[in-house]
Each structure stands twice: as structure tokens, then as C-alpha cells.
Asks: 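Have a look at the structure that comes next, please.
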Amino acid sequence: WVTPSKDKSVTQYAVKVTNEFGSVSSVTVALSLQQTSPQIIEQPRNIKLVQGEPLEIGLQASGGALNYQWYKGVSQISGATGPVYLSDETEETDSGDYFVVISNDKGILTSRPIKVSFGARLSVALDGANLTFAVDPGTNSGNWKLQRSSNLLFWEDVQMLSAQDLEGLEMPVGNGSVFYRVVEK
């Protein structure tokens with residue numbers, strides 16, 4: 001059974017066990033739950049997606065009886081009131097800065113900004129003496145630059161490419177150490 005207390009943060013519990021031989025009651029135990037101000041245990045991280053993929057931003061917080069409100073820029077996101085914000089299918093307008101405000105009776109806390117941006121998913125395969133590129137640009141039809149470097153510090157533009165140009169592009173590997181990367185223009 002539960003015994004009410006004048007202090008609403010304390011509840012008293014006891015158990016009574018009964019069978020055909022009689023009954024016995026336990027000692028009463030008081031349970032006190034002390035709510036603390038919100039604390040973020042793990043901050044969300046910046047996210048880079050391919051357009052069309054789902055967006056999921058979450059964080060871990062403590063403090064008890066927490067309320068959440070997610071924002072994009074300075075605008076509240078309607079219905080985004082849990083520890084995880086989810087958008088099923090992203091589009092270009094979903095890029096930007098997000099944050100969440102966490103509150104309870106003991107305080108208010110704001111997460112750090114989370115930058116959501118878009119790019120292409122690029123895979124590179126070594127096929128004999130050639131690098132072969134495959135790209136998943138999602139719904140992004142942006143332009144890209146193919147760059148090369150011999151030291152990973154300084155990059156030289158090789159050519160400008162559309163997402164369609166990237167698909168199946170082959171580049172000779174050559175002798176020595178040559179590195180390639182594709183960056184959004």
C-alpha cells in the first residue's frame with residue numbers, strides 16, 4: 001500500500017502478504033525523488049546528409065520531469081517536444097542550425113547549436129590503375145570539384161563536375177602518392 005505524505009516529493013510504501021496461515025506487513029519505506037535542474041549528458045553533433053535521407057537529432061539529458069522544445073534557427077518546430085527530433089525525408093530547406101531547449105520546474109537549459117548540411121555520398125574503388133567514383137547526390141543537383149593533392153595539405157582543382165559527371169568517373173592513379181577528393185562547389 002501507499003501512504004500519502006504532506007511532502008509531495010516523498011511517498012511511503014509498505015507491503016502486506018496474506019495466505020491461509022495469516023498475514024505479515026513489511027516496515028514502511030519512504031521514497032523521495034528529488035528533481036534537479038536539467039543537465040545535458042551528451043550534446044548532439046553536427047550532421048551531414050544526402051538530401052532525401054531522414055534526419056534524426058537526439059541528446060541525452062537528466063533532471064527529471066523534462067520538457068523539450070526543438071528549434072530551427074529562431075523558430076520553434078511544431079510538435080518537436082521529445083529528446084529526439086526526427087524528419088522522415090529531408091530536403092534543401094532542412095539545412096541550418098538546430099537546438100533544443102530543455103526545462104523542468106528547477107531550470108532551463110539550451111543545447112549547443114547543431115548544424116545540418118547536405119552533400120553527396122561518394123564511394124571510390126580502385127580498379128586496376130584507375131579510381132572509379134560512384135556518387136549518391138540524393139535530391140541535390142549541385143556542382144562539385146574534383147581535386148588532387150600529393151601531400152593532403154594543398155589541393156589542386158582537376159575539373160568541375162555535376163553529380164551526373166561524377167557517376168562512373170575514372171581517374172588514373174599514376175606513380176607516387178596522389179590523393180583525390182570531391183568537394184561541393
Side-chain angles (χ1 to χ4, degrees), residues 1-17 26-125 133-145 152 162-163 166-167 181-185:
W1 67 87
V2 177
T3 306
S5 172
K6 291 178 187 176
D7 180 356
K8 295 196 187 259
S9 68
V10 176
T11 304
Q12 296 182 358
Y13 293 90
V15 174
K16 183 176 184 178
V17 178
S26 72
V27 270
T28 301
V29 176
L31 177 62
S32 173
L33 298 175
Q34 297 297 322
Q35 182 173 311
T36 61
S37 61
Q39 300 285 324
I40 296 176
I41 297 168
E42 185 176 332
Q43 289 274 358
R45 298 181 182 197
N46 293 339
I47 298 172
K48 189 160 192 167
L49 299 169
V50 171
Q51 288 182 32
E53 288 183 323
L55 169 62
E56 184 175 333
I57 309 170
L59 68 109
Q60 292 182 6
S62 66
L66 297 175
N67 302 302
Y68 299 85
Q69 179 58 63
W70 286 90
Y71 291 79
K72 179 178 178 233
V74 296
S75 301
Q76 278 188 1
I77 302 172
S78 178
T81 56
V84 175
Y85 170 65
L86 178 64
S87 176
D88 291 332
E89 190 172 318
T90 55
E91 50 192 59
E92 191 173 339
T93 57
D94 291 317
S95 65
D97 292 327
Y98 291 74
F99 67 94
V100 63
V101 175
I102 307 166
S103 63
N104 65 13
D105 292 342
K106 299 289 184 178
I108 298 174
L109 181 63
T110 302
S111 74
R112 70 175 187 220
I114 306 110
K115 181 168 286 308
V116 173
S117 59
F118 294 99
R121 183 160 292 112
L122 181 68
S123 62
V124 180
F133 294 88
V135 67
D136 176 5
T139 58
N140 186 346
S141 59
N143 290 315
W144 312 89
K145 292 190 284 188
L152 297 176
S162 69
L166 273 173
E167 187 63 41
R181 72 178 182 185
V182 175
V183 294
E184 194 169 6
K185 178 181 169 190

Asks: From S37 OG over to D105 CG, what is the distance, rounded to the nearest 0.5 angstrom?
Replies: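 Rounded to the nearest 0.5 Å, the OG-CG separation comes to 11.5 Å.
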Asks: What's the shortest heavy-atom distance between Y68 and A61, and which atoms?
Replies: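 In terms of heavy atoms, the two residues are closest at OH-CB, 3.9 Å.
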Asks: Is L86 atom CG crowded by more than 12 heavy atoms from other residues, nucleotides or ligands, each under 6.0 Å away?
Replies: yes
Asks: Check whether any side-chain heavy atom of V100 sits under 4.5 Å from a side-chain heavy atom of S111, and report yes or no.
Replies: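 With C-beta onward as the side chain, the pair touches.
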Asks: Is the backbone of V15 close enough, under 3.5 Å, to the side chain of S26 for a donor and an acceptor to pair up by distance?
Replies: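 Yes; at least one donor-acceptor contact below 3.5 Å.
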Asks: I need the S117 OG to D97 CG distance, nearest 0.5 Å.
Replies: 10.0 Å
Asks: Could you tell me whether the side chain of T110 and the main chain of V101 form a donor-acceptor pair under 3.5 Å?
Replies: no
Asks: Grab the two heavy atoms, one from E92 and one from Q51, that are nearest each other, plus how far apart they are.
Replies: N-OE1, 3.6 Å
Asks: Mind running side-chain contact (heavy atoms from CB on, under 4.5 Å) on E42 and L59 for me, showing each step along the way?
Replies: CA-CA 6 Å; E42 185 176 332; L59 68 109; 5.9 Å; no
Asks: Taking atom CD of E89 and atom CD of E53, what is their separation to the nearest 0.5 Å?
Replies: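 Reported to 0.5 Å precision, the distance equals 10.5 Å.
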Asks: Answer yes or no: is there a side-chain heavy-atom contact under 4.5 Å between R112 and R45?
Replies: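 Yes; the side chains approach each other to less than 4.5 Å.
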Asks: Any donor-acceptor pair under 3.5 Å linking the side chain of N104 with the backbone of T36?
Replies: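 The answer is yes, because a donor-acceptor pair under 3.5 Å joins these two groups.
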Asks: Answer yes or no: is there a donor N or O on one side and an acceptor on the other, between the side chain of E56 and the main chain of V84, under 3.5 Å?
Replies: no
Asks: Is there a side-chain contact between T90 and F118, using heavy atoms and a 4.5 Å cut-off?
Replies: yes
Asks: Would V116 and I57 satisfy side-chain contact (heavy atoms from CB on, under 4.5 Å), going step by step from the backbone distance to the final call?
Replies: CA-CA 9 Å; V116 173; I57 309 170; 4.0 Å; yes
Asks: Take Y98 and N46 through the test side-chain contact (heavy atoms from CB on, under 4.5 Å) and record every step on the way to the result.
Replies: CA-CA 9 Å; Y98 291 74; N46 293 339; over 6 Å; no
Asks: Could you measure the distance from the OG atom of S95 to the CD1 atom of I47? Nearest 0.5 Å is fine.
Replies: 12.5 Å
Asks: Run the ring pair (Phe, Tyr, Trp, His ring centres under 6.0 Å) test against F99 and tell me which residues pass, sequence neighbours left out.
Replies: Y71
Asks: Keeping the roles fixed (side chain from T81, backbone from Q69), state whether a donor-acceptor pair exists under 3.5 Å.
Replies: no
Asks: Closest heavy-atom contact between G58 and P44?
Replies: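 Between these two residues, the closest heavy atoms are O-CB, 3.5 Å.
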Asks: Taking all non-hydrogen atoms of both residues, which atom of L109 and which atom of P38 are closest, and how far apart?
Replies: CD2-O, 3.5 Å
Asks: Might you work through the side-chain contact (heavy atoms from CB on, under 4.5 Å) test for Y85 and L55, ending with a clear yes or no?
Replies: CA-CA 8 Å; Y85 170 65; L55 169 62; 4.0 Å; yes
